[in-house]
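Each remark here refers to the structure printed beneath this line.
Quick caveat, the model's predicted, so the values are computed rather than measured.
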Amino acid sequence: MSGEPRHPGALVLSLDFELHWGVRDHCPPGSPYERNLLAAREVIPKILELFEDYDIAATWATVGFLFARNRQELERFRPAVLPRYRNPRLDPYLQPVGEDEETDPLHYAPSLIARIAATPRQEIATHTYCHFFCHDAISGAESFRADLRSAAAIAAERGFVLRSIVFPRNQRDPAYDPWLKEAGIVAYRGNPHTRMWSFVGTAEGASPGRRAARLADTYLPVSGDGSVGWDELVRPSGLVDVRASFILRPFHPRRALLEPLRRARLRAAVRSAARRGRILHLWWHPHNFGAHPNESLETLRALLEEVCECRTRYGMRSMTMRDVAERVLQPGLADDPGGYAAALRG
């Protein structure tokens, strides 16, 4: 039928997997939030079980430090050029670490990465090697290039080829695009094209007004359905911007009465993307679910049930960021993931 969308609707899920490396500038070890970070180690297998039960793909943007088995391996993959920051609090290389995952579960996670990789349809992507802040670093593009090389090298040590990136604090710098392409990256997660999500420039984060607007968007369609058209993805650089729609927030008891609104918002966004043949891209950190895991996982389950219904009714797909890049860059291989993987290797 002429009225049918040219592309299928798709759900993309991306998780920023960082543990303490992602919050160390404002949550030192021993702070109350450490409980959430440690709880992520129990939450991640439960998320993966849901993904496997509902046949859901996801991209895990992983800080390179987490691949290391021990301190010696961290040193072995240390970039040739380190980032420098005006604010030394942002420098991850000043962070004391333990010997290995057993003694320091906040800063190493090779066992969790192996668990993710063993689950069908999960993409291991990069969140840079050291949780690199592109707009806060004063060391220039060479330090980012060196960081990305280290991220690719330690991932390759475990048998992974990195094709997607999520920038820490969403600090993308277009000047670094050549280094992404050099490293074999084809996709990145850009910010939504709304004022509340426009880039704020530094690691300090958004203004209170923007934070309030983002929170409201969790329960009401302040930014619309958040979906992205397939024809909006490829940038002039040739990279694919798998733009985020909005964050999948964790359950919070003080907002429990608003949970029906939130679930309705999620269901409506999924249905809209499915019917219109567009992409809905949701993201979060696994440690976000650490405080109230059961309730947060139930919200995720409700979302995935809606995706399954839309898969049956509208042919909706569940895709990784790499899958999306596959479809727009290699359309002839769009329905042959094995063929696409072979093309990339070649």
Side-chain angles (χ1 to χ4, degrees), residues 14-22 24-25 59-85 90-95 97 107-110 112-114 116-117 123-190 203 235 237-242 320-322 325 329 341 343-346:
S14 60
L15 296 94
D16 298 8
F17 183 27
E18 52 192 35
L19 295 181
H20 186 239
W21 295 112
R24 54 167 297 281
D25 55 312
T59 294
W60 295 76
T62 307
V63 170
F65 283 158
L66 296 178
F67 286 87
R69 293 192 179 99
N70 50 49
R71 192 183 307 169
Q72 290 71 31
E73 201 163 59
L74 274 180
E75 285 298 315
R76 180 156 66 91
F77 288 96
R78 189 182 181 96
V81 183
L82 298 183
R84 291 183 292 110
Y85 298 98
L90 300 180
D91 187 348
Y93 292 95
L94 300 180
Q95 176 67 49
V97 297
H107 298 114
Y108 301 90
L112 288 175
I113 294 170
I116 294 165
E123 175 190 14
I124 301 294
T126 186
H127 204 34
T128 73
Y129 184 67
C130 74
H131 204 261
F132 190 106
F133 294 128
C134 292
H135 282 246
D136 289 279
I138 58 173
S139 45
E142 281 303 315
S143 63
F144 177 78
R145 185 186 194 188
D147 179 277
L148 201 56
R149 285 176 169 175
S150 289
I154 199 167
E157 182 90 349
R158 302 289 179 268
F160 304 118
V161 177
L162 303 176
R163 295 303 185 191
S164 305
I165 187 170
V166 171
F167 292 94
R169 309 282 165 88
N170 296 308
Q171 290 188 13
R172 174 177 175 261
D173 189 333
Y176 296 169
D177 285 358
W179 307 143
L180 298 180
K181 297 177 74 173
E182 177 187 79
I185 300 295
V186 294
Y188 66 91
R189 188 183 74 203
R235 310 314 301 157
S237 65
L239 294 170
V240 179
D241 178 4
V242 190
T320 65
M321 291 172 58
R322 178 174 173 167
L329 296 178
L344 286 175
R345 286 194 301 269

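If you take CG on D177 and CG on L239, they are separated by 5.0 Å, rounding to the nearest 0.5 Å. The distance from the CD atom of Q72 to the CD atom of E75 is 8.5 Å, given to the nearest 0.5 Å. Atom CG of residue L180 and atom CG of residue L162 lie 11.5 Å apart, to the nearest 0.5 angstrom. Y108 contributes atom OH, which lies 7.5 Å from atom CH2 of W21 (distance to the nearest 0.5 angstrom). For the atom pair E123 CD and T62 OG1, the distance stands at 9.5 Å (nearest 0.5 Å).
Between F133 and H135, the distance separating the two ring centers is not shorter than 6.0 angstrom. Note: F65 and Y93 meet the aromatic proximity criterion, with ring centroids under 6.0 Å apart.
Across every non-hydrogen atom of R189 and M321, the tightest pair is N-CE, 3.4 Å. Residues L74 and Y129 share a closest heavy-atom pair of O-OH, 3.2 Å. Scanning both residues, P178 and P174, for their nearest heavy atoms gives CD-O, 4.3 Å. Scanning all heavy atoms of the two residues, the minimum distance from A125 to S164 falls at CB-O, 3.2 Å. Counting all heavy atoms, side chain and backbone alike, L19 lies closest to A109 at CD1-CB, 4.0 Å. Nearest heavy-atom pair across H131 and G22 is NE2-CA, 3.5 Å.
Distance alone, capped at 3.5 Å, places no donor-acceptor pair between the D16 side chain and the H127 backbone. No donor-acceptor pair closer than 3.5 Å links the side chain of E18 to the backbone N or O of V63. With hydrogens and angles ignored, the 3.5 Å screen pairs no side-chain donor or acceptor of S139 with any backbone N or O of S143. In terms of modelled atom types and a separation under 3.5 Å, the side chain of D173 and the main chain of C134 share no donor-acceptor contact.
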- request: Determine, stepwise, if the pair T59 / R322 fulfils side-chain contact (heavy atoms from CB on, under 4.5 Å).
  value: CA-CA 8 Å; T59 294; R322 178 174 173 167; 5.8 Å; no
message: Is there a side-chain contact (heavy atoms from CB on, under 4.5 Å) between L66 and L112? Walk through the geometry before answering.
response: CA-CA 9 Å; L66 296 178; L112 288 175; over 6 Å; no
- request: Determine, stepwise, if the pair D25 / L90 fulfils side-chain contact (heavy atoms from CB on, under 4.5 Å).
  value: CA-CA 6 Å; D25 55 312; L90 300 180; 3.7 Å; yes
message: side-chain contact (heavy atoms from CB on, under 4.5 Å), that's the test. Do I113 and W60 meet it? Break it down for me.
response: CA-CA 9 Å; I113 294 170; W60 295 76; over 6 Å; no
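A search for side chain to side chain contact (heavy atoms under 4.5 Å, CB included) contacts involving R158 returns F67, R69, E73, F160, not counting sequence neighbours. Residues meeting the side-chain hydrogen bond (donor to acceptor under 3.5 Å, both in side chains) test with T320, sequence neighbours left out: D323.
The ring-ring contact (aromatic ring centres under 6.0 Å, His included) contacts involving residues 164-190 comprise F144-Y176, where partners must be two or more places apart or lie in separate chains.
Among R71, R24, H20, the one residue that satisfies the side chain to side chain donor-acceptor pair (under 3.5 Å) test with H107 is H20.
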